[in-house]
2 protein chains.
Amino acid sequence: MKTKCCDTHLSEEEAQELLSQNGISRTKIKTSILLLLSKSKKPLSASEIYQKYGPKNCDISTIWRTLKQFHEKGITREINLGEDFFRYELKDTQDEKDHHHHHVRCRNCGDIKQLEECDLSAFEKMFSRLGFKKMEHYLEFTGICSKCP
Amino acid sequence: MKTKCCDTHLSEEEAQELLSQNGISRTKIKTSILLLLSKSKKPLSASEIYQKYGPKNCDISTIWRTLKQFHEKGITREINLGEDFFRYELKDTQDEKDHHHHHVRCRNCGDIKQLEECDLSAFEKMFSRLGFKKMEHYLEFTGICSKCP
DNA sequence: CAAATTACTGCAAGTCAATTGCAATTAATC
DNA sequence: GATTAATTGCAATTGACTTGCAGTAATTTG
Ligand SMILES: [Mn+2]
Ligand SMILES: [Mn+2]
Ligand SMILES: [Zn+2]
Ligand SMILES: [Zn+2]
């Protein structure tokens with residue numbers, strides 16, 4: 001299956017299929033977290049998921065364990081937007097080479113927008129079009145170095 | 001004064017001048033942390049600084065307070081390289097618009113290299129030149145949105 | 001230079017995101 | 001349906017980072 005990142009609105013069946021394909025038990029909680037992520041227009045934090053799903057319905061540690069598992073299976077990506085916690089969102093594709101996207105977060109109000117364009121030279125124009133000011137960017141890389149397998 | 005980021009090798013006098021210019025007391029600890037940052041070829045974590053400076057010589061909370069102050073004064077930048085803590089380094093310039101740089105971290109051995117080039121299109125070539133494989137990048141933005149002052 | 005003011009520091013306690021051990025419960029496998 | 005493996009809740013724990021307070025050192029002022 002090919003997921004399409006945030007705001008994908010997976011159906012319950014699609015969510016469960018995605019779980020099965022990745023060797024994860026199709027439980028109510030895991031399905032619900034997947035649906036929440038797929039319905040959100042921005043990456044969600046663990047505690048946001050906890051609030052949305054309902055503190056009566058599930059323990060926060062279960063949410064953490066689920067997010068960790070999703071990340072290990074390559075279903076999700078974790079994102080640092082200058083806050084003191086991570087946010088999580090569905091990967092655009094399982095491969096992550098095919099397509100991905102980035103975000104802007106307002107340093108004043110905290111609002112987060114998703115950027116569909118990833119042509120790096122096009123970013124500047126896009127920001128002024130969006131009315132954003134005082135941009136700062138955060139760009140770092142990881143890879144496997146020449147000394148490593 | 002114009003600092004030149006990591007690996008600048010400030011002299012003790014230059015370090016103290018930088019403190020004074022930013023309204024920070026010229027104490028032994030603050031001077032030493034500044035020197036450590038200026039002599040390092042990669043951004044340092046709080047606990048690395050603590051180890052290098054010597055746990056007998058200073059409390060870790062003082063290091064945290066100092067790093068926070070440096071950041072507030074705009075002397076340093078904090079960097080997330082996919083670890084579960086931040087690293088800190090001297091800004092290339094106080095303004096941060098003039099010049100900045102990025103990093104690669106090996107996902108296998110954790111080694112960190114500093115990238116002097118910031119032409120985004122030039123990155124790919126540079127990585128293969130450096131022998132890096134399986135690159136992943138991390139690019140996010142912050143700014144002030146159109147609804148904010 | 002000495003007094004007054006302000007900033008810095010060590011120590012201990014606290015916060016909060018994220019992890020973990022264990023026993024009970026549920027899902028997958030046969 | 002019985003067996004096995006994964007998931008869950010709860011409580012305790014880790015580790016990064018913060019904070020209050022009382023003592024000390026640095027800066028300012030006369
Ligand atoms: Mn997104
Ligand atoms: Mn650097
Ligand atoms: Zn805003
Ligand atoms: Zn390596």
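We name chains A, B, ... by the order of the sequence lines, and we start the count at 1 in each one.
Nearest nucleotide to the B:Arg26 side chain, out of D:dA16, C:dC8, D:dT27: D:dT27. When distances run from any side-chain atom of B:Arg65 to the nucleotides D:dT7, D:dG9, C:dG10, the shortest one goes to C:dG10. Set against C:dT19, D:dC21, C:dA27, the side chain of A:Trp64 has C:dT19 as its closest nucleotide.
Taking atom CD1 on A:Ile49 and atom P on C:dA17, their separation rounds to 13 Å, with Å as the unit. Between the C1' atom of D:dT13 and the CD1 atom of A:Ile60 lies a distance of 16 Å, rounded to the nearest Å.
A salt bridge links A:Asp111 to B:Lys147: at least one charged side-chain nitrogen sits closer than 4.0 Å to a carboxylate oxygen. In this structure, A:Arg26 does not pair ionically with A:Glu13, as no charged nitrogen and carboxylate oxygen lie closer than 4.0 Å.
An OP1 or OP2 oxygen of C:dC8 is reached within less than 4.0 angstrom by a side-chain nitrogen or oxygen of B:Gln69. OP1 or OP2 of D:dT8 has not a single side-chain nitrogen or oxygen of A:Lys28 nearer than 4.0 Å.
Summary of the strand contacts: B:Ala46 and A:Asn57 both lie near DNA chain D, and taking for each the nucleotide with the nearest heavy atom, the more 5' one is attributed to A:Asn57. Residue B:Ile63 is the one, among B:Ile63 and A:Thr27, whose nearest nucleotide of DNA chain C lies closer to the 5' end (criterion: closest heavy atom).
For the residue pair B:Glu89 / B:His103, a side-chain donor-acceptor distance below 3.5 Å is found, with atom types taken as modelled.
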